[in-house]
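Values reported hereafter were calculated over all heavy atoms of this structure, with side chains retained and with hydrogens, waters and symmetry mates removed. Residues take their numbers from the sequence shown, with the count starting at 1. From a predicted model like this one, the values you see are computed outputs, not experimental measurements.
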Amino acid sequence: SQEEMKKLLRATARTAGGGRGAQVPKEHVERFLKEHVKREHDCFNIPFIILYFLAFDIVLLNHENVPENSQVQRMITNVMEGSGYAGYDPYEVSGHKFMDDVGDTGELYQYLNEAIIPAFINPLDDTPRVDKDRVHRYSQLIGGLQIMQTRRKRKNCGDTYPLLGPFNELQRNPFLDKIFCFPPDSRDTECFGEGGKRNPPIPGYCPDVQEAEAKSPSKRRLFDLAGAWGNDVPPSVTPFLTFDAGEPIYSLVLDSWQGQAKALSELNRLWAEADPWVDDQTAWVGIKFLVLNPDVGVFSSVQADFFFSASGAIIPDTNVLTFIAEPYQDGTLFYWDVVWLLLYVELLLGCIKDLVWTLKKRAQRMAQYKGSIWTYVDWMSVLCGGLCCLLWYLYLEKLENFKIAAMDVAIKRPILADDNKEPAPSVLKVYDEAVTL
C-alpha cells in the first residue's frame with residue numbers, strides 16, 4: 001500500500017545525513033522500482049506475443065488453403081506424369097510408357113499426342129459448347145497449351161573444341177571437322193527451318209522476341225526458365241539448368257477454342273520429317289498452361305519440362321504451382337488479418353516505447369537494452385512482420401493484374417461457327433494479343 005511504501009522509503013532512503021544502519025540512496029530505490037514495474041509489464045506482454053504468432057499461423061495456413069491446393073496439385077501432377085502412351089509400332093501396348101520413359105523426340109511426340117493434348121483440349125464435335133474448356137471434370141483451361149523450346153547454336157566441332165585430339169599434320173582433328181556440335185552453353189537466336197523462312201514466319205520457328213516486335217514492342221511472350229521453380233530447383237535438374245532469364249524462347253500456342261483435332265494436326269506439322277520443330281539444336285522443350293478450379297477457388301500454373309542434356313539423355317520434370325484465386329473469398333480471413341495487424345501494431349509500439357525509454361538515459365540503460373536477447377527477438381519480429389505486410393500487398397496487386405489478364409483471355413476467346421469457319425482476323429488478333437500478354 002502507499003503507507004507501507006512510505007515506511008519503506010523512510011527506513012531505507014535518506015535525503016540528508018544521519019540515521020542508523022545502512023542507507024540506500026533514493027535514486028537507486030526509484031530505479032529499482034521502475035525496472036521492477038518494467039519487468040512486470042514485459043511479463044504481461046507474453047500472452048500478446050503468443051497470440052501474435054498464433055494469429056500469424058492461422059492467417060498463413062488459411063490463406064494458403066493447404067488441403068485444396070495440395071489435392072489439385074497432386075491431381076495435375078499425376079495426370080502429367082502418370083498418363084500413359086503406347087510406344088513404338090508394332091509394340092502397341094496401351095499405356096505401358098509414361099513421362100519418365102520419354103527418351104527421344106519420337107517418344108516426346110507420342111507423349112504429347114496421346115497423353116497431354118487429349119487430356120487438356122476437348123474435341124469440338126461431341127463436346128457441349130459450355131464444356132469446351134472443361135478439363136478433368138471440375139477445372140477450366142484458360143487459353144490453351146503453350147509449347148516452348150530453347151535452342152543451341154550449331155557449330156563445327158573442330159572449331160568449337162580445337163584442343164580435342166587426335167590431331168593430323170595440320171593440327172586439326174579429322175573426326176571433328178566432319179561433324180557439327182551443339183555446345184550446351186550456347187543459345188541460338190535465329191529463325192530456323194522452312195517455317196522460319198516464310199513471310200510472315202510460322203509461329204514457333206522464330207524467337208518470340210522477334211515475333212512480338214513485329215506486332216507490338218510492348219507485348220512479349222518471354223519466359224524465365226531459371227525462375228520456374230524459384231529457389232526450389234529439383235536436384236536432378238540442377239546440372240541441366242543453364243538457361244538465363246529472358247533468353248530467346250521459340251513458342252506457339254495450341255488454342256483450346258480450335259479443338260483437339262486442330263491441336264493434333266498442328267503437332268503433326270511440328271514433328272513432320274521434312275521440317276521438324278524439335279531437332280539436334282533443341283536444348284529444352286516445355287509445355288505450359290493455366291487452369292482454374294472454381295469449386296475450390298484455385299489457379300494452377302502447370303509446366304512440364306524436357307531437358308535435352310549434352311549426354312543425349314532427355315530429363316523430364318513437372319512443376320505445378322497452385323495458388324488461391326480469391327484470398328478473401330472467406331470473409332472470416334479478413335477479420336483474422338485485422339487481429340494480426342493490431343497485434344503487430346502493439347508489438348511495434350512496444351518496441352518504440354522501449355527504445356525511447358532507453359535513449360532517455362542512454363548511459364545507464366543502453367548496456368542492459370543491447371544485452372537482452374528479447375530486444376533482438378522483438379525487433380526481428382517487427383521487421384519480418386513489416387516485410388510480410390509489404391509482400392502481401394505486392395502479391396494482392398499482382399494477383400489482381402493476373403486475374404484481369406486471365407479474364408481478358410476468357411472474354412476475348414473466339415468461338416467457331418456451326419460450319420467450323422474461323423472468326424474474322426481482327427477477332428483472332430485481339431485474342432492473340434490477350435494470350436501473349
Pairs touching residues 122-166 that satisfy ring pair (Phe, Tyr, Trp, His ring centres under 6.0 Å), sequence neighbours left out: Phe120-His136
Any chance you could lay out the ring-ring contact (aromatic ring centres under 6.0 Å, His included) test for Tyr344 and Phe56, step after step, and finish with the verdict? CA-CA 10 Å; Tyr344 171 75; Phe56 180 79; over 10 Å; no
Hey, could you give me each pair passing disulfide bond (SG atoms under 2.5 Å apart) that has a residue in residues 252-361? Not counting sequence neighbours. none
How far does CD1 of Ile147 sit from CG of Leu252, to the nearest 0.5 angstrom? 5.5 Å
Sub-3.5 Å donor-acceptor pair from the side chain of Ser186 to the main-chain atoms of Lys153, do we have one? yes
Counting only N and O atoms by type, is there a donor-acceptor contact under 3.5 Å from the side chain of Asn78 to the main-chain atoms of Arg74? yes
Within the side chain of Asn173, is there an N or O that forms a donor-acceptor pair under 3.5 Å with the backbone of Leu164? yes
Taking everything shown except Leu387 itself, do over 12 heavy atoms lie less than 6.0 Å from its CG? yes
Could I get the full list of side-chain contact (heavy atoms from CB on, under 4.5 Å) partners for Thr282, not counting sequence neighbours? Gln149, Arg151, Val278, Asp279, Val285, Phe308
Note: Trp340 and Gly385 closest approach over all heavy atoms is CH2-O, 3.7 Å
With a 4.5 Å limit on heavy-atom distance, are the side chains of Lys370 and Thr358 in contact? no
Can you list the residues that meet the side-chain contact (heavy atoms from CB on, under 4.5 Å) rule with Leu61, with sequence neighbours excluded? none
With distance as the sole test, does Arg187 use its side chain to make a donor-acceptor pair with the main-chain N or O of Pro184 at under 3.5 Å? yes
Side chain Asp275, main chain Gly195, donor-acceptor under 3.5 Å: yes
Contacts under 3.5 angstrom, residues 320-330 side chains, donor-acceptor by atom type, not counting sequence neighbours:
| unit_1 | atom_1 | unit_2 | atom_2 | d |
| --- | --- | --- | --- | --- |
| Thr322 | OG1 | Asn69 | OD1 | 3.0 |
| Glu326 | OE1 | Lys403 | NZ | 2.7 |
| Tyr328 | OH | Asp337 | OD2 | 2.4 |
| Tyr328 | OH | Trp392 | NE1 | 3.0 |
| Asp330 | OD1 | Thr332 | N | 3.3 |
| Asp330 | OD1 | Thr332 | OG1 | 2.9 |
| Asp330 | OD2 | Thr332 | OG1 | 3.1 |

Kindly compute the distance separating CG (Leu112) from CG (Leu264), expressed to the nearest 0.5 Å. 10.0 Å
Do Asp255 and Lys262 pass the side-chain contact (heavy atoms from CB on, under 4.5 Å) test, and can you show the C-alpha distance, the side-chain angles, and the key distance before you say yes or no? CA-CA 9 Å; Asp255 294 302; Lys262 177 66 175 180; over 6 Å; no
Residues forming a ring-ring contact (aromatic ring centres under 6.0 Å, His included) with Tyr250, sequence neighbours excluded: Phe192
Worked verdict on Leu290 versus Val302 for side-chain contact (heavy atoms from CB on, under 4.5 Å): CA-CA 6 Å; Leu290 176 71; Val302 186; over 6 Å; no
Supply the atom-to-atom distance Glu114 CD to Leu267 CG, rounded to the nearest 0.5 angstrom. 10.5 Å
Examine distances only and state if a side-chain atom of Gln281 and a backbone atom of Arg152 form a donor-acceptor pair shorter than 3.5 Å. yes
Tell me, please, which residues at least two apart from Pro128 pass side-chain contact (heavy atoms from CB on, under 4.5 Å). Val130, Asp131
For residues 153-188, the disulfide bond (SG atoms under 2.5 Å apart) pairs (sequence neighbours left out) are Cys157-Cys181
Using salt bridge (Lys or Arg N to Asp or Glu O under 4.0 Å) as the criterion, list what pairs up with Asp159, not counting sequence neighbours. Arg172
With sequence neighbours excluded, tell me which residues meet side-chain contact (heavy atoms from CB on, under 4.5 Å) with Ser83. Val79, Ala115
Measure centre to centre between the rings of Tyr111 and Phe98, then say whether the value is under 6.0 Å. no
Can you pull out every side chain to side chain donor-acceptor pair (under 3.5 Å) where at least one residue sits in residues 393-402? Sequence neighbours excluded, please. none
Do Arg154's NZ or CZ and the ring of Phe180 fall within the cation-pi criteria of under 6.0 Å and 45°? yes
Residue set satisfying salt bridge (Lys or Arg N to Asp or Glu O under 4.0 Å) with Glu81, at least two apart, ordered chain then number -> none
Test item: Asp305 side-chain N/O and Thr318 main-chain N/O as donor-acceptor pair under 3.5 Å: no
Counting heavy atoms not belonging to Arg198, are there more than 12 under 6.0 Å from its CZ? no
Taking all atoms of both residues into account, what is the closest heavy-atom pair of Pro118 and Gln260, and its distance? CA-NE2, 3.6 Å
Going from CE on Met380 to CG on Leu383, what distance comes out if it is rounded to the nearest 0.5 angstrom? 6.5 Å
Spatial distance of atom CG (Leu141) from atom OG (Ser300) [nearest 0.5 Å]: 11.5 Å
Roughly how far, to the nearest 0.5 Å, is the OG1 atom of Thr160 from the CG atom of Leu176? 9.0 Å
Dump the intermediate steps for side-chain contact (heavy atoms from CB on, under 4.5 Å) on Asn122 and Lys132, then the final yes or no. CA-CA 6 Å; Asn122 294 313; Lys132 298 293 186 185; 5.6 Å; no
Would you find a donor on one side and an acceptor on the other, under 3.5 Å apart, between the side chain of Trp257 and the backbone of Gly143? no
Output yes when a side-chain donor or acceptor of Asn62 lies under 3.5 Å from a complementary backbone atom of Leu333, and no otherwise. no
